[in-house]
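Both ligands and their constituent atoms are indexed starting at 1 by order of listing. The structure presented is a predicted model; accordingly, all values stated were derived computationally and were not measured. For the numbers below, each heavy atom of this structure counts, side chains included, while hydrogens, waters and symmetry mates do not.
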Amino acid sequence: MKLHLQTLFVAIGLGIKRNWHIFLAIIAGILLGNFFHEHSDTWVPFVKFLNIIGQAFIRVIQMVVIPLVCSAIVVGISSIGDSKQIGKFGKKMILYYALITIAAVVIGAFLVLTFKPGIGVQSYISQSSSIEIQNLVNNALMEQRGQLGNIFLDMIPQNPIESLAKGEMIPIIFFALIFSLALSKIGEINRPIVSFFESVFAATMKVTDWIMVFAAPGIFALTTVAVSNFGLSIFTTITKFLAVIFIGLGIQLFVVYPLMLKFFSKVPVGNFFTAIIEALLVAFGTASSSATLPLTIACCEKRGISHKVCSFVLPLGATLNMDGTALFQTAAVIFLTQAYGITLEPLQIIQVMLLAIIASSTCAGILGAGLITIALVLNGLGLTPQQLVEGFAFLFAIDRVVDMTRTTVNVASDAVVAAIIADNENEIDYDLLNNTEEYKEII
Ligand code: ASP
C-alpha cells in the first residue's frame, strides 16, 4: 500500500504533464474551497494566505502582458510587411470574430427564451442584494451610462505613454498597430527598433515559461479562494439559470468551434484542443483573457501557428473578441426581464443581442469586466432603477463562477480564429500540430 502511494505521488509529481497538474489543482481547489465555505470561520487566515498566493500568480503574469502585446504586434506586423496581407488578415479576423460572437448571442437568447429560467425567481433576486453591493452597482451603472458615447473615442490614445502606464489595452493596441505599420514601410532603417522588440518578445516568452512552473499552485490558490466565497451550494439555489449559461457556453465550446474549424479550415479539432488546453485551464483559474494571453500565444506558436498570425490575431482577440461574455450578457439580461415579468418584443431581443456584442467587445479581458459593461445592455428595457440595481447585484453575487467559465470560452475562440486564419493563409505547420509529442521552441 505504502509503495503504491509513493508511486502515485511520484507519478503526480513527475510523470504526468503540466496540463494534468493544473487540472488536478482546479479539482482540488474546488473541493477545498467548498470545504472552507462550509467552515468559513475557522479557515479565514488560511484563505487569506491562499489569496495572496493566487494574486501573486496573477500579478506576475499580468506583469508580462503589456511588453508582450507591444513586442508581439511590432514584430508580427513588421514581419508581414505587405499592407495587403495585413488587410487580408484584418478582414478575415473581423469576419470570423463577428460570426463566432453572433453564434454566441443567438445561442444565449435561444436557450433563455426556451427554458425561461427567470420565471418565479424575483423574490430570490431581491433578497440577494445587500446595501453595500447595491451602492457599488449603482455607481457602476452611472459610470457606464456616461461612457456609452465615448466608446469609440476611448480607443484612440491621446498619449500612448499614458495608456501604457495605465495598462489600457485597446488604445495600446491601436497605437502599436499604426506604429508597426509605419515601421514596415520605412525599410532597413526600422532594424534597431524591430530587433529591440524581437528581444523583448523573446524575453517575455521566457518569463512566461518560468511563470508557468508555478501555474498549478497559483491556479489551485485562485480556485480555492473563489469557491470558498460562493460554495458549491450556489448550484442548487439558482440551478436553472446557471444550467442555461453553462449549457450555452458548452455548446459554443464543443459544437460551434469544432464546426467552424471543420467548415472553414482543415485544422484537426482534437489536436487543436490538445494544443491549447493549458491556456484554457489558466483562463478558467484566472478568469482573465488578458492575463492568459502570454499562454495563449505560447500554446499556439509552439504547436505550429505562425508568429505573424498569433501576434496580430491573439492580442486583438483577447481585448475585443469576448463571445463567452456576449452569450452570458444576452442570457442574463433576458433572464432578468423574465424575473420581473417583462415580455420583450422580438425587436428588443435583437437590441439586447446587438448591445451585448458591443458591450462585450468594449470590456477589458479582466476578472468581472463583463459584468460591469452589462449595464449598457440593461438600458431601455423597462426595468425600474430599483430593479436594475437588484438584478445587477444578483448577477454580481454569482459572477465569479460564471466568469471563470466564460473566460475559458473567450480564450478558446481567440485561438480558434487564429487557427482558421493560419490555415487559410498557409501559416500553420501541420507536422507540429498533428504530432502531440512535438513542439517548437519559441525562443
Ligand atoms: N473575465 C472575462 C475575460 O477576461 C471578461 C468578462 O468579465 O466577461 O475574458
Drop me the distance from S311's OG to L316's CG, to the nearest 0.5 angstrom. 9.5 Å
State the atoms of ligand 1, each with its element, that fall below the 4.0 Å cut-off from a heavy-atom position in G368. 7 (O)
Are the aromatic rings of F46 and F36 close, with centres under 6.0 Å apart? yes
Under 3.5 Å between any N/O of L371 and any N/O of ligand 1: does that happen in this structure? no
Taking only heavy atoms of G370, which atoms of ligand 1 are found under 4.0 Å from at least one of them? 6 (C), 7 (O), 8 (O)
Ligand-side contact atoms (ligand 1) for residue partner T325, heavy atom cut-off under 4.0 Å: 5 (C), 6 (C), 8 (O)
Side chains of S413 and N321 only: does a donor on one sit below 3.5 Å from an acceptor on the other? yes
Any N/O pair M322/ligand 1 closer than 3.5 Å: no
Using a strict 4.0 Å cut-off to heavy atoms of A287, name the atoms of ligand 1 that fall inside it. 1 (N), 4 (O)
So F179 and F175, would you call those rings parallel, tilted or perpendicular, with 30° and 60° as cut-offs? parallel
Which ligand 1 atoms does D403 reach within 4.0 Å, using its non-hydrogen atoms? 1 (N), 2 (C), 6 (C), 7 (O), 8 (O)
For a quick check under 3.5 Å, do T325 and N410 share a side-chain donor-acceptor pair by atom type? yes
Close side-chain approach of T101 and M322, heavy atoms under 4.5 Å: no
Quick check against the 3.5 Å criterion: does Q329 have a side-chain atom that pairs as donor or acceptor with the backbone of A375? no
Nitrogen or oxygen of A369 less than 3.5 angstrom from that of ligand 1: yes
At a 4.0 Å threshold, what atoms of ligand 1 neighbour a non-hydrogen atom of G365? 3 (C), 4 (O)
What part of S289, side chain, backbone, both or neither, has a heavy atom within less than 4.0 angstrom of ligand 1? both
Atoms of ligand 1, numbered as shown, that sit under 4.0 Å from any heavy atom of T407: 1 (N), 2 (C), 3 (C), 4 (O), 9 (O)
Per-residue contact class, I366 against ligand 1 - non-hydrogen pairs under 4.0 Å: backbone
Can you list the atoms of ligand 1 that are under 4.0 Å from a heavy atom of S288? 4 (O)
Listed once per pair and sorted, the side chain to side chain donor-acceptor pair (under 3.5 Å) pairs that draw on residues 241-257, sequence neighbours left out: Q252-D323, Y257-D323
Determine which pairs satisfy ring pair (Phe, Tyr, Trp, His ring centres under 6.0 Å) with at least one residue from residues 309-335, sequence neighbours left out, and list them in order. F241-F335, F335-F394
